[in-house]
Amino acid sequence: MSQPLMSEPLYLASELRALEVSAQAGLAPGTLMDRAGEAIARAVMMHAAAIDGPVVALAGPGNNGGDALTAALVLRHQGIAVRVILLADPASFGGEAARAWSRWSAAGGASTAECLLEEASVVLDGLYGIGLNRAPSATAARWIGQLNEWQARTGRPVLALDIPSGLMADTGQVLGSAVRATHTLTFLGRKPGLYTADGPDHCGAISLETLGVTGGAASGILTAPEDFAEHLPRRPQNSNKGQFGNLGVLAGAPGMVGAGILCARMGLMGGAGRVYLHLPGAAAPGIDWNHPELMLRDDLALTRLSAAVIGPGLGDPPAALAECRALLATATATVLDADALNAVAGDAALAASVAARSGPTLITPHPLEAARLLGCDVGAVQADRIAAARRLATTLSAWVVLKGAGSVLAGADGRWAINPTGNPGLASAGTGDVLAGLLGALLAQGMAPWPALLAAVWLHGSAADRLLEAGVGPIGLTASELLPVIRSELNAWAQPRRARSAASGYGRFKNIAEP
């Protein structure tokens, strides 16, 4: 699946409401809803392979139901049979929703509470929009369950209007139950909840209809290659390894040596000029025979490191933690992962030293590690992943990637983003170690923290997507399979703009599954 080349703004619900109010000020009443209805009708004709039965519109209270009613009227005028199932008392409608109901009724349209799904060719989900802040009502939940069962059984399209009903627009959290749409037509701007947490499992294919409205203040972005491509390190002909930095990796205690080796190998394939790996423990190997280029050391010489990665498989041996503290006392750009994060979570003084560092700190927690750092449970982190990532960034003065479905990136300066690449194949041992090694390699080559974070997370996920397209995964995809594909992706995007193919050359991996 190809991804857009340019990032797009992500709007929180409050930002969308401000944008809508501003847009409506210069328009006749009902203009935006009329535009939405036309856009929905176009989407129905595009996504329904064959309209051999009526279009069924589920309309709830509020403007989301008004959008469904407006679309029903447009489709009826086009000669399409439409059935409206109304889950609200029309007397309770106000504003534009009341106008939509009046126009539908005046045109002879009716509504029913009967289940008409069996005869439907496509269903419009207009039950709830972005204003939902509670679980759907019992009646709505019953309809959502029936709709999801119908779609799973028939394979016919369900088009969610603006956002699948039951999904929180700002967080991607499902409250109780939510529609599993095959397509989502979202209006005005993209919502973060479509792309993180439960969103990707409920939205299907997402398309944006701006309704002719542009501008507005959006606090986040959906990342894309052009956010970081121009910052990737270039390789002039007159190069030597000393120009590409020295990466130190402190990782891989006994029983977890593979974590350190995966991380350090990615540092090599990510372009660091030299990679020094310290595997604490008397039984640590002296050489990586598959990659003898790695320099395995008994300690890391702090003065010659351009960047460091601490934590993958590190455990908590006292000597390793002492070396961790020594590294954090320097200004070296440092990635904290896994057990290094657990050490910070369990030691207030260490956390304070991280927050006070003069050099950049990047942290890569999964939800459980984030919960430990924030002193809460995993449910609280997952309930609002964006807020959790931003709080971590502020508390630790760090650049953060909160891993998971729709990884959330945040900086202490307030900026945040969601990464759209990746798939469940990354839910396997060692993939986080690979990500940490790639981050370290980019920092060692001189990239600034924010573009390095954007690049590493996007490339890491994109490599998993390329493997999936080649039939490798998601089941059984291994971390080591990511390494050469990430290297290929990195080299493709590190070329000058004029030399890149428009789609990043996604067909170029002939031996994509080879180690």
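Since the model is a prediction, treat every value here as computed from it, not as a measurement. In what follows, every heavy atom counts, from backbone to side chain, and hydrogens, waters and symmetry copies are set aside.
Counting heavy atoms from C-beta outward, Leu396 and Thr361 have side chains that stay 4.5 Å or more apart. Contact check for Gln243 versus Asn240: side-chain heavy atoms found under the 4.5 Å cut-off. Side-chain contact check for Pro474 versus Leu477: every heavy-atom pair is 4.5 Å or farther apart. Leu453 has its side chain within reach of Leu439: a pair of non-hydrogen atoms, C-beta onward, lies under 4.5 Å apart. Counting heavy atoms from C-beta outward, Val179 and His202 have side chains that stay 4.5 Å or more apart. Residues Met269 and Leu438 have side chains not in contact (no heavy-atom distance under 4.5 Å, counting atoms from C-beta outward). Counting only heavy atoms from C-beta outward, the side chains of Asp384 and Asp170 never approach each other to under 4.5 Å. Here the side chains of Trp450 and His231 are not in contact, with every heavy-atom distance at 4.5 Å or above.
For Arg487 (side chain) and Leu490 (main-chain N/O), no donor-acceptor pair under 3.5 Å exists by modelled atom type. Between the side chain of Arg234 and the backbone N or O of Leu232, at least one donor-acceptor pair lies under 3.5 Å. Judged by distance alone, with hydrogens and angles left aside, the side-chain atoms of Arg385 form no donor-acceptor pair with the main-chain N or O of Pro367 at under 3.5 Å. No side-chain donor-acceptor contact under 3.5 Å links Asp339 to the backbone of Asp316. Side-chain atoms of Arg180 come within 3.5 Å of backbone atoms of Asp201 as a donor-acceptor pair (strictly under, hydrogens ignored). In this structure, Ser488 contributes its side chain and Pro484 its backbone to a donor-acceptor pair below 3.5 Å. Side-chain atoms of Glu489 do not come within 3.5 Å of backbone N or O of Trp458 as any donor-acceptor pair. A donor-acceptor pair is defined here as one N or O able to donate and one able to accept, closer than 3.5 Å; such a pair exists between the side chain of Thr334 and the backbone of Thr332. Under a 3.5 Å cut-off, the side chain of Lys191 and the backbone N or O of Ala13 do not form any donor-acceptor pair. Of the possible polar contacts, none joining the Glu323 side chain to the Asp299 backbone as a donor-acceptor pair under 3.5 Å is found.
Residues Ala197 and Pro200 approach most closely at O-CD, 3.4 Å, considering heavy atoms. Contact record, Pro365 with Leu392: CG-CD1, 4.0 Å, taken as the closest heavy-atom pair. The heavy-atom pair separating Gly286 from Leu296 by the smallest distance is O-CB, 3.7 Å. In this structure, Ala224 and Ser7 approach most closely via the heavy-atom pair CB-N, 3.4 Å.
A cation-pi contact, defined as under 6.0 Å to the ring centre and within 45° of the axis, is absent between Arg35 and Phe187.
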Original post:
Does the side-chain contact (heavy atoms from CB on, under 4.5 Å) test come out yes or no for Cys376 and Val381, once each step is laid out?
Top reply: CA-CA 8 Å; Cys376 63; Val381 170; 3.8 Å; yes
Original post:
Can you check side-chain contact (heavy atoms from CB on, under 4.5 Å) on Leu10 and Ile221, steps first, answer last?
Top reply: CA-CA 5 Å; Leu10 291 175; Ile221 62 168; 5.7 Å; no
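The side chain to side chain contact (heavy atoms under 4.5 Å, CB included) test with Thr421 singles out one residue from Leu459, Thr223, Asp465, Val457, and that residue is Asp465.
Judged purely by distance below 3.5 Å, without hydrogens or angles, the side chains of Asn419 and Ser407 never pair a donor atom with an acceptor atom. For the 3.5 Å distance criterion, the side chains of Thr394 and Arg390 fail to qualify, holding no donor opposite an acceptor.
One finds the CG atom of Leu321 at 8.5 Å from the CG atom of Leu350 (value rounded to the nearest 0.5 Å). Annotation: the span from Leu32 atom CG to Glu209 atom CD amounts to 10.5 Å, rounded to 0.5 Å. Taken to the nearest 0.5 Å, the CG atom of Leu19 stands 10.0 Å off from the CD atom of Gln24. With rounding to the nearest 0.5 angstrom, the OH atom of Tyr11 is 8.5 Å from the CG atom of Leu188. To the nearest 0.5 Å, atom CD1 of residue Ile163 and atom CZ of residue Arg190 are 13.0 Å apart. In this structure, CG in Asn423 is found 10.0 Å from OG in Ser462, a value given to the nearest 0.5 Å.
Within the structure, the salt bridge (charged side-chain N to carboxylate O under 4.0 Å, His left out) test picks out no pair touching residues 417-436 (sequence neighbours left out). Screening residues 273-329 for ring pair (Phe, Tyr, Trp, His ring centres under 6.0 Å), with sequence neighbours left out, gives no hits. Residue pairs meeting the salt bridge (charged side-chain N to carboxylate O under 4.0 Å, His left out) criterion with at least one member in residues 240-249: none, sequence neighbours excluded.
Using a 30° and 60° split on the angle between ring planes, Phe228 and Trp493 fall in the perpendicular class, above 60°.
Within a 6.0 Å sphere centred on CZ of Arg372, other residues, nucleotides and ligands contribute more than 12 heavy atoms. Within 6.0 Å of CG in Asp413 there are more than 12 heavy atoms belonging to other residues, nucleotides or ligands. Counted within 6.0 Å of CG on Asp298, heavy atoms from surrounding residues, nucleotides or ligands total 12 or fewer; the atom is thus considered open. With a 6.0 Å radius and a threshold of 12 heavy atoms from other residues, nucleotides or ligands, Ile475 has its CD1 atom at or below the threshold.
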